[in-house]
Amino acid sequence: MAYYPIMLDLSNKKCLIVGGGSVAERKANDLLKAEACVTIISPKVTEGIENLYRERRVDLKLREYQQGDLEGYFLVIAATDVPEVNEEIYAEACDRGILINTVDQKERSMFISPAVLRKGDLIIAISTSGKSPLLARKIKQFLDDVISDDIVNIVYKLGDIRDDAKARFDNIEDRIRYYEDVIKKYIRE
Ligand SMILES: C[C@@]1(CC(=O)O)c2cc3[nH]c(cc4nc(cc5[nH]c(cc(n2)[C@H]1CCC(=O)O)[C@@](C)(CC(=O)O)[C@@H]5CCC(=O)O)C(CC(=O)O)=C4CCC(=O)O)c(CCC(=O)O)c3CC(=O)O
Ligand SMILES: NC(=O)C1=CN([C@@H]2O[C@H](COP(=O)(O)OP(=O)(O)OC[C@H]3O[C@@H](n4cnc5c(N)ncnc54)[C@H](O)[C@@H]3O)[C@@H](O)[C@H]2O)C=CC1
């Protein structure tokens, strides 16, 4: 499988997770970090999901998945521990043209989740194309240790000077030279 990585804007988009175990909880927290509107359908849920519901951060339907549940959603994650149910959800998502991630079968997924390191606006996503999620997590931890938190300010400042540079320099070559000088200065510091 040759994947195409993208950065999706999920803010205020309706996203559904079917299943309420530890995998569903991890995916729910990641979707919330992206400011998505999250609904979970599952007869049983973890304490973590129960807390998210109590804090009104997710909507919850305490029942099994039914055909038709995907109506109106932008994205769905099939995270039950029953392969046949995940297959049904995948089939409905394909019929409706909804983006789907099936946690137990990458062949039944239109996208898979990378391990994600966030430092302010810098987002580093690591995928092994599904070969070893554990390795993806370890690489994330390694990068977290070696990339200083100063990067948060550097990215912020570079974002800030960009509008100014567009007004100051007419051509892109001059702008790129300017950004490179600023980046060199910050990295040296
Ligand atoms: C294909 C994919 C689909 C998807 O979920 O999107 C998938 C599938 C499966 N994962 C399984 C197992 C584990 N998954 C993790 C952890 C994570 N899994 C994540 C992503 C992905 N997992 C996608 C590919 C990512 C890539 O391309 O590398 C991460 C990165 C992000 C996230 O989940 O959001 C997150 C780390 C988050 C972080 O810490 O940052 C751990 C380790 C742990 O829990 O510590 C284990 C146990 C160790 C191991 O197996 O490696 C199993 C077998 C279950 C079984 O054996 O029963 C399947 C199914 C299969 O492979 O058949
Ligand atoms: N993608 C990933 O990162 C990983 C995937 N997995 C896979 O993910 C699956 C789920 O893992 P866990 O969360 O640990 O399992 P779990 O057993 O803790 O949770 C399964 C959840 O699915 C719910 N469920 C069962 N039937 C349902 C139905 N018909 N409708 C709605 N909800 C239903 C259960 O109530 C439960 O809340 C496992 O089968 C495993 O193969 C496991 C580890 C990591």
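In each ligand, atom 1 is the first atom listed, and ligand 1 is the first ligand listed. In this chain, numbering begins with 1 at the start of the sequence shown.
Side-chain contact between V23 and I77 is absent, with no heavy-atom pair separated by less than 4.5 Å. For the pair R162 and Y179, the minimum side-chain heavy-atom distance is below 4.5 Å. Looking at V38 and I17, their side chains come closer than 4.5 Å, going by heavy atoms from C-beta outward. Within the 4.5 Å cutoff, side-chain heavy atoms of V182 are placed close to those of L158. Using a 4.5 Å cut-off on side-chain heavy atoms (C-beta onward), R96 and Y73 make no contact.
Counting non-hydrogen atoms of other residues, nucleotides and ligands closer than 6.0 Å to OH of Y156 gives a total of 12 or fewer. Residue E55 places its CD atom among more than 12 non-hydrogen atoms of other residues, nucleotides or ligands, all under 6.0 Å distant. Within a 6.0 Å radius of CZ in R63, more than 12 heavy atoms belonging to other residues, nucleotides or ligands are found.
For atom 24 (N) of ligand 2, the closest non-hydrogen atom of the protein is T80 CB, 3.8 Å. Nearest non-hydrogen protein atom to atom 3 (O) of ligand 2 is R26 NH2, 2.5 Å. When only non-hydrogen protein atoms are considered, atom 18 (O) of ligand 2 lies nearest to G21 CA, 3.5 Å. The protein heavy-atom contact nearest to atom 14 (O) of ligand 2 is S22 OG, 3.3 Å. Counting only heavy atoms of the protein, atom 21 (C) of ligand 2 lies nearest to G20 N, 3.5 Å. For atom 1 (N) of ligand 2, the nearest protein heavy atom (residue, atom name, distance) is V103 O, 3.1 Å. In terms of protein heavy-atom proximity, atom 35 (O) of ligand 2 is closest to S42 OG, 3.2 Å.
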Given S113 and K27, is the side-chain hydrogen bond (donor to acceptor under 3.5 Å, both in side chains) satisfied, shown in steps?
CA-CA 9 Å; S113 321; K27 305 279 181 185; 2.9 Å; yes

side-chain contact (heavy atoms from CB on, under 4.5 Å), that's the test. Do L31 and L10 meet it? Break it down for me.
CA-CA 8 Å; L31 289 175; L10 288 183; 3.6 Å; yes

Chi angles and distances behind the side-chain hydrogen bond (donor to acceptor under 3.5 Å, both in side chains) call for N171, D174
CA-CA 6 Å; N171 65 66; D174 290 344; 3.2 Å; yes

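Contact annotation for atom 40 (C) of ligand 2: protein absent (non-hydrogen atoms, distance under 4.0 Å).
Residue R63 has no N or O atom closer than 3.5 Å to an N or O atom of ligand 2. Any N or O atom pair closer than 3.5 Å counts here, and P43 shares no such pair with ligand 2. Checked against a 3.5 angstrom limit, the closest N/O atoms of K44 and ligand 2 fall inside it. Here's the thing with V23: one of its N/O atoms is less than 3.5 angstrom from an N/O atom of ligand 2. For ligand 2, none of its N or O atoms has an N or O atom of V82 under 3.5 Å away. In terms of N/O distances under 3.5 Å, ligand 2 is not approached by D104.
Heavy-atom proximity to I41, at under 4.0 Å, picks out these atoms of ligand 2: 31 (C), 32 (N). Taking every heavy atom of V85 and a limit of under 4.0 angstrom, the matching atoms of ligand 2 come to 29 (N). Less than 4.0 angstrom separates some heavy atom of Y65 from each of these atoms of ligand 2: 28 (C), 30 (N), 31 (C). Every atom of ligand 2 with a heavy atom of G19 under 4.0 Å away is listed here by number and element: 22 (O), 23 (C), 32 (N). Atoms of ligand 2 lying under 4.0 Å from any heavy atom of V18, numbered from 1 in the order shown and given with element: 31 (C). Short contacts between ligand 2 and D81, defined as distances under 4.0 Å to a heavy atom of the residue, involve ligand atoms 17 (O), 20 (C), 22 (O), 25 (C), 39 (O).
For the pair E25 and ligand 2, no heavy-atom separation below 4.0 Å is found. The shortest heavy-atom distance from V45 to ligand 2 is not under 4.0 Å. The closest approach between P133 and ligand 2 stays at or above 4.0 Å for every heavy atom of the residue.
At a 4.0 Å heavy-atom cut-off, the residues surrounding ligand 1 are R26, K27, D30, N101, V103, D104, I112, S113, P114, A115, S127, T128, S129, G130, P133, L134, A136, R137, K140, listed by chain and number.
In this structure, K13 satisfies the cation-pi test against F74, with its NZ or CZ atom closer than 6.0 Å to the six-membered ring centre and inside 45 degrees of the ring normal.
With hydrogens and angles left out, the side-chain atoms of T80 and N86 include a donor and acceptor closer than 3.5 Å.
Among R137, K138, R118, K119, the single residue meeting the salt bridge (Lys or Arg N to Asp or Glu O under 4.0 Å) criterion with D144 is K119. When each of V76, I100, L70 is paired with E92, the side chain to side chain contact (heavy atoms under 4.5 Å, CB included) condition holds for L70 and for no other.
Among all heavy-atom pairs drawn from T46 and E25, the shortest one is OG1-OE1, 2.7 Å.
Two different hydrophobic clusters hold I123 and I154 under the rule that ILVMFWY side chains link at heavy-atom gaps under 4.5 Å.
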